Amino acid sequence: MSQKVRVRFAPSPTGPLHIGGVRTALYNYLFAKHHGGDFLLRIEDTDQTRFVPGAEEYIQQSLSWCGITPDEGPQNPGNCGPYRQSERKDLYYQYAEQLINDGYAYYAFDTPEELENVREMAKKMKAPNWQYNQITRTGMKNSLTLTKEEVEARINNGDPYVIRLKAPRNEEIRLNDLIRGWVVVNSNNIDDKVLMKADKMPTYHLANIVDDHLMDITHVIRGEEWLPSAPTHVLLYQYLGWNQPDFAHLPLILKPDGNGKLSKRDGDRLGFPVFPLEWKDPKTHEVSSGYRESGYFADGFVNMLAFLGWNPGDDREIFSLEELISEFSLERVGKAGAKFDADKAKWYNQQYLRSRSNEELEELLRPYLEAEGIQSSKGFTSRVCGLMKERASFIPDMLNDRFYFEAPTSYDEKTVRKKWKEDTPEIVKNLRGKLEGISDFSEENIDVTFKKFLEDNGYGFGKVMPGFRLLVTGKGMGPSMSAIASILGKEEVLKRIDTGLAVIEQLAS
RNA sequence: GCUGCCAUCGUCUAGUUGGUUAGGACACCGGCCUUUCACGUCGGCAACGCGGGUUCGAGUCCCGCUGGCAGUACCA
């Protein structure tokens with residue numbers, strides 16, 4: 001590779017970017033950075049009918065959340081701008097014309113309605129899917145069947161027309177995919193794809209070739225759904241007389257159950273986000289959940305996504321973006337589609353949650369506290385986070401136990417029934433006296449006092465602890481009581497014992 | 001239908017020059033730890049789609065079959 005590596009991520013702004021798209025962007029980015037190359041963002045908005053407001057911003061923000069920064073793009077143009085195809089509109093026609101002049105393309109005047117009719121007719125006759133190709137083009141209205149005069153007349157008359165690729169007869173088209181190896185297709189199976197639409201906009205097929213060439217793209221890394229049209233692209237490079245980039249077609253991300261591409265509906269159905277960020281549809285106002293809003297960490301999300309189709313070849317699973325860059329290679333990308341695993345995504349998040357400091361977690365939890373109207377100091381919340389991080393997968397999980405922030409108003413019924421014995425009130429009252437005597441209410445001191453209390457009275461843990469926990473937290477399970485009590489403070493603990501005692505006694509009678 | 005791609009535990013996968021008790025992780029189940037839950041830890045369950053070759057030897061190479069997926073638009 002003597003040339004500088006340049007890759008592009010080229011989404012169309014037709015809606016939110018789903019995680020398959022994010023992974024494609026990620027692999028492009030990792031590949032570029034691994035080779036010290038450039039990663040460009042190009043907006044493929046040649047279909048004006050499918051434009052969705054906000055989609056481009058969504059794409060930018062999603063990449064940014066993942067830590068993927070384009071070296072060139074609409075926001076930070078390089079020397080190959082503009083980076084939106086709609087703004088490059090005037091660039092494409094000349095290449096289509098060049099193809100016509102060289103005999104590799106032709107004008108076609110068939111209307112969408114006429115094409116639809118032909119297709120329907122073929123369907124009725126149970127013929128295979130009708131295609132505009134080497135055989136059928138002889139029966140259609142185009143510059144191959146019409147006289148030169150009529151073609152000129154139609155064009156001068158302003159008749160709408162498209163420009164189609166003239167696929168060759170019986171040629172072997174081969175491409176060496178970086179992931180799949182040699183892919184060979186006979187040109188008889190390639191149809192005469194539309195290159196320029198009637199609205200004078202190029203189709204993806206023409207635009208992506210022209211832009212990739214003009215932007216010095218060295219590697220085209222994209223989803224497997226593009227593999228069938230790759231031979232057409234190879235043909236186009238050939239006909240335009242350009243060097244073609246290397247291709248790598250990535251395996252698809254599949255739905256967790258059954259088969260098929262992961263789609264928006266699967267997320268709704270199975271209860272996990274399929275989008276990196278929350279998305280509000282501007283038309284329907286429908287809201288789709290996002291990983292960010294669901295409490296996922298960006299670095300964990302990226303790590304998880306990277307492993308959906310790639311692995312380092314050994315047992316390591318936790319990788320920062322920097323580590324991914326240094327280890328990534330297309331050779332280690334699998335060929336088969338990967339079913340998305342929401343459990344694994346959760347596990348990754350748990351790993352990343354636990355590796356965060358209590359102070360970081362406090363900051364992340366704060367918005368949730370505020371949303372719940374809970375007042376809590378920084379120091380206090382960090383200590384709670386320290387206790388809760390071992391049993392949380394997501395930030396809001398740490399808020400599952402509300403007793404840190406407010407005294408229990410109810411007491412777990414099952415625990416009351418099973419653990420609250422006749423002598424429990426008396427025992428807890430005695431314990432209360434010992435706790436009251438502790439001057440420094442530290443976890444360690446509480447622990448020592450508690451154990452001594454057990455020893456002096458000949459009690460087992462199970463005789464005392466459940467009642468104590470119940471009174472202070474209202475629950476039958478949770479982290480170490482010494483730690484909880486210490487965080488809550490002596491005054492609060494004693495108060496809770498008193499009020500709890502009264503409430504439960506009332507319940508029992 | 002046609003064209004192309006793909007095929008190792010339920011899931012993600014290691015196994016890149018043929019010789020492995022086919023390894024790891026998630027999930028699940030059990031032991032230990034713990035007042036309890038979680039964490040941790042130890043262990044268990046569990047896979048080369050089928051059939052032919054080539055070879056002393058095939059998860060690995062070849063062919064066929066089956067299955068799955070993708071594409072089949074004046075969408076990307």
Side-chain angles (χ1 to χ4, degrees), chain A residues 10-14 44-47 49-50 85 108 110-112 115-116 119 123 126-132 160-164 177 179-181 183-186 188-191 193-205 207-208 222-231 249 251-252 254 256-261 304 307-317 331-332 334-348 350 354 387-393 397 401 415 419 450 454 460-469 475-481:
Chain A
S12 60
T14 54
E44 309 231 324
D45 54 353
T46 51
D47 187 354
T49 63
R50 294 209 308 162
Q85 290 184 328
D110 319 275
T111 65
L115 291 172
E116 202 178 313
R119 289 204 169 90
K123 207 173 189 179
K126 285 190 212 158
N129 259 5
W130 188 88
Q131 291 197 312
Y132 210 118
Y161 64 88
V162 302
I163 297 176
R164 284 182 182 272
D177 188 277
I179 291 172
R180 281 148 220 287
V183 177
V184 185
V185 179
N186 188 289
N188 289 348
N189 297 310
I190 290 178
D191 62 340
K193 290 231 152 41
V194 171
L195 267 19
M196 291 293 306
K197 301 184 265 191
D199 63 1
K200 296 288 193 292
M201 274 291 227
T203 59
Y204 170 84
H205 303 292
N208 106 86
R222 74 232 295 194
E224 191 184 344
E225 67 268 28
W226 292 109
L227 193 52
S229 57
H249 288 93
L252 266 15
L254 277 17
D257 59 340
N259 299 301
K261 256 208 276 198
M304 178 272 294
F307 270 66
L308 225 46
W310 174 86
N311 73 82
D314 53 43
D315 292 345
R316 294 169 301 157
E317 295 197 275
E331 286 161 46
R332 298 214 58 89
K335 299 177 189 198
K339 285 187 185 179
F340 182 77
D341 185 355
D343 279 327
K344 195 79 181 226
K346 184 178 168 183
W347 177 80
Y348 264 110
Q350 186 189 35
R354 286 200 285 163
L387 233 43
M388 292 302 290
K389 70 204 258 189
E390 294 299 323
R391 58 203 71 217
S393 292
D397 288 352
D401 286 338
T415 310
K419 306 282 184 178
F450 187 84
L454 294 184
F461 268 100
K463 182 105 181 147
V464 186
M465 191 60 84
F468 181 34
R469 178 182 296 281
K475 307 237 171 185
M477 58 182 84
S480 149
M481 269 314 292

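If you're wondering where the values come from, they're calculated on a predicted model, not measured in any experiment. In what follows, every chain begins at residue 1, and chains take the letters A, B, ... in the order their sequences are listed.
Nearer the 5' end of RNA chain B, as judged by each residue's closest nucleotide, is the contact made by A:Asn189, out of A:Asp45 and A:Asn189. Position along RNA chain B of the nearest nucleotide to A:Val184 versus A:Asp341 favours A:Val184 as the more 5'-ward residue.
For A:Trp226, the side-chain atoms get nearest to B:A76 when compared with the rest of B:A76, B:C74, B:C26. Each of B:C39, B:U3, B:C12 was ranked by its minimum atom distance to the side chain of A:Ala338; first place goes to B:C12. Listed nucleotides: B:U35, B:A76, B:U13. Nearest to the side chain of A:Asp47: B:A76. Here the side chain of A:Leu227 is nearest to one of B:A76, B:C5, B:C2, namely B:C5. Here B:G4 is the nucleotide among B:G4, B:A76, B:U35 with the atom lying nearest to any side-chain atom of A:Val185. For A:Gln131, the listed nucleotide lying nearest its side chain is B:U72; candidates were B:U72, B:G24, B:U35. Among B:A76, B:A27, B:C12, the nucleotide with an atom closest to any side-chain atom of A:Glu44 is B:A76. Checking B:C6, B:U11, B:C5 against every side-chain atom of A:Lys335, the shortest atom distance belongs to B:C6. Considering only side-chain atoms of A:Val183, the nucleotide from B:A25, B:G4, B:A76 that sits closest is B:G4.
A:Leu252 comes within 4.0 angstrom of sugar-phosphate atoms only, judged by non-hydrogen atoms across all strands, and of no base. Residue-level contact check: A:Gly260 touches the backbone only, with heavy atoms under 4.0 Å from sugar-phosphate atoms and none from bases. Within the nucleic acid shown, A:Ala198 comes within 4.0 Å of at least one base atom, counting heavy atoms only. No contact: A:Thr415 has no heavy atom under 4.0 Å from any strand. In this structure, A:Asn129 reaches the bases: a heavy-atom distance under 4.0 Å links it to at least one base atom across the strands shown. Among the atoms of the strands shown, none is found under 4.0 Å from any heavy atom of A:Asp177. Residue A:Arg50 is in base contact, counting any heavy-atom pair closer than 4.0 Å across all strands shown. Heavy atoms of A:Gly309 sit under 4.0 angstrom from primed sugar atoms or phosphate atoms, though from no base atom. A:Lys344 comes within contact range of at least one nucleobase, with a heavy-atom separation under 4.0 Å. Contact annotation for A:Met481: base contact, defined as any heavy-atom pair under 4.0 Å involving a base atom.
With A:His249 as the partner, the side chain to side chain donor-acceptor pair (under 3.5 Å) test is satisfied by one option alone out of A:Glu224, A:Arg222, A:Arg180: A:Arg222.
For the C1' atom pair drawn from B:C69 and B:C28, the interatomic distance equals 28 Å after rounding to whole Å. Of the P atoms belonging to B:U13 and B:A7, the separation is 11 Å, rounded to the nearest Å. B:G68 and B:C62 are spaced 23 Å apart, taking the C1' atom of each and rounding to whole Å. Going from the C1' atom of B:G1 to that of B:C26 covers 40 Å, rounded to whole Å. Rounded to whole Å, the P atom of B:A38 lies 12 Å from the corresponding atom of B:G30. Going from the C1' atom of B:A47 to that of B:A27 covers 16 Å, rounded to whole Å. The gap from the P atom of B:C9 to that of B:A46 amounts to 14 Å, rounded to the nearest Å. B:G23 and B:A14: their C1' atoms are spaced 6 Å apart (whole Å).
Atom CH2 of A:Trp310 is separated from atom C1' of B:U13 by 12 Å (rounded to the nearest Å). Between A:Lys197 atom NZ and B:C74 atom P there is a gap of 10 Å when expressed in whole angstrom units. Regarding A:Glu225, its CD atom lies at a distance of 10 Å from the C1' atom of B:G71, rounded to whole Å. Atom CD in A:Gln350 sits roughly 12 Å away from atom C1' in B:G40 (whole-Å rounding). B:A25 atom C1' lies 10 Å from atom CZ of A:Phe307, rounded to whole Å. Between A:Phe340 atom CZ and B:A25 atom C1' there is a gap of 16 Å when expressed in whole angstrom units. Summarising the geometry, the separation between CG on A:Leu254 and P on B:G67 is reported as 18 Å, rounded to the nearest angstrom. As a whole-Å value, the separation of A:Lys193 NZ from B:C75 P is 12 Å.
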Test log, rule side-chain contact (heavy atoms from CB on, under 4.5 Å), inputs A:Lys197 and A:Asp47: CA-CA 10 Å; A:Lys197 301 184 265 191; A:Asp47 187 354; 4.2 Å; yes
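At least one side-chain nitrogen or oxygen of A:Thr46 sits closer than 4.0 Å to the OP1 or OP2 atom of B:A76. OP1 or OP2 of B:G71 sits under 4.0 Å from a side-chain N or O of A:Lys261. Residue A:Arg354 has no polar side-chain atom (N or O) positioned under 4.0 Å from OP1 or OP2 of B:A38.
Residues A:Val464 and A:Phe450 meet the side-chain proximity criterion, which asks for heavy atoms closer than 4.5 Å. A:Pro128 places none of its side-chain heavy atoms less than 4.5 Å from the side chain of A:Trp130. Proximity of A:Pro202 to A:Gln85: side-chain heavy atoms (C-beta onward) are nowhere separated by under 4.5 Å. Side-chain contact between A:Thr415 and A:Lys475 is absent, with no heavy atoms from C-beta onward closer than 4.5 Å. Counting heavy atoms from C-beta on, the side chains of A:Thr203 and A:Lys193 never come closer than 4.5 Å.
Side-chain N or O atoms of A:Arg354 include none that pairs as donor or acceptor with a backbone N or O of A:Glu390 at under 3.5 Å. Listed for the A:Arg50 side chain is no donor-acceptor partner under 3.5 Å among the backbone atoms of A:Pro13. Side chain of A:Thr46 to main chain of A:Met201: no donor-acceptor pair is present (N/O by atom type, distance under 3.5 Å, no hydrogens or angles).
Under the Watson-Crick or G-U wobble criterion, with both distances below 3.5 Å, B:C9 has no partner in any strand shown. Pairing partner, B:A46: none, since no Watson-Crick or wobble contact has both distances short of 3.5 Å. Checking B:U34 for Watson-Crick or G-U wobble geometry (two distances, each under 3.5 Å) identifies no partner in any strand. B:G51: Watson-Crick or G-U partner is B:C63, with both key distances under 3.5 Å. Base pairing of B:U72 is made with B:G1, judged by Watson-Crick or G-U wobble geometry with both donor-acceptor distances under 3.5 Å. With a cut-off of 3.5 Å on both pairing distances, the Watson-Crick or G-U wobble partner of B:C56 is B:G19. Pair assignment for B:A14: none, as no Watson-Crick or G-U wobble contacts are both less than 3.5 Å.
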Check: protein-nucleotides 15-20 of chain B nitrogen or oxygen pairs below 3.5 Å:
unit_1, atom_1, unit_2, atom_2, d
B:G15, OP1, A:Arg332, NH1, 3.2
B:G15, OP1, A:Arg332, NH2, 3.1

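In summary, A:Asp341 and A:Lys339 do not engage in a salt bridge, as defined by a charged side-chain N under 4.0 Å from a carboxylate O.
By the 30° and 60° cut-offs, the orientation of the rings of A:Phe307 relative to A:Tyr348 is tilted.
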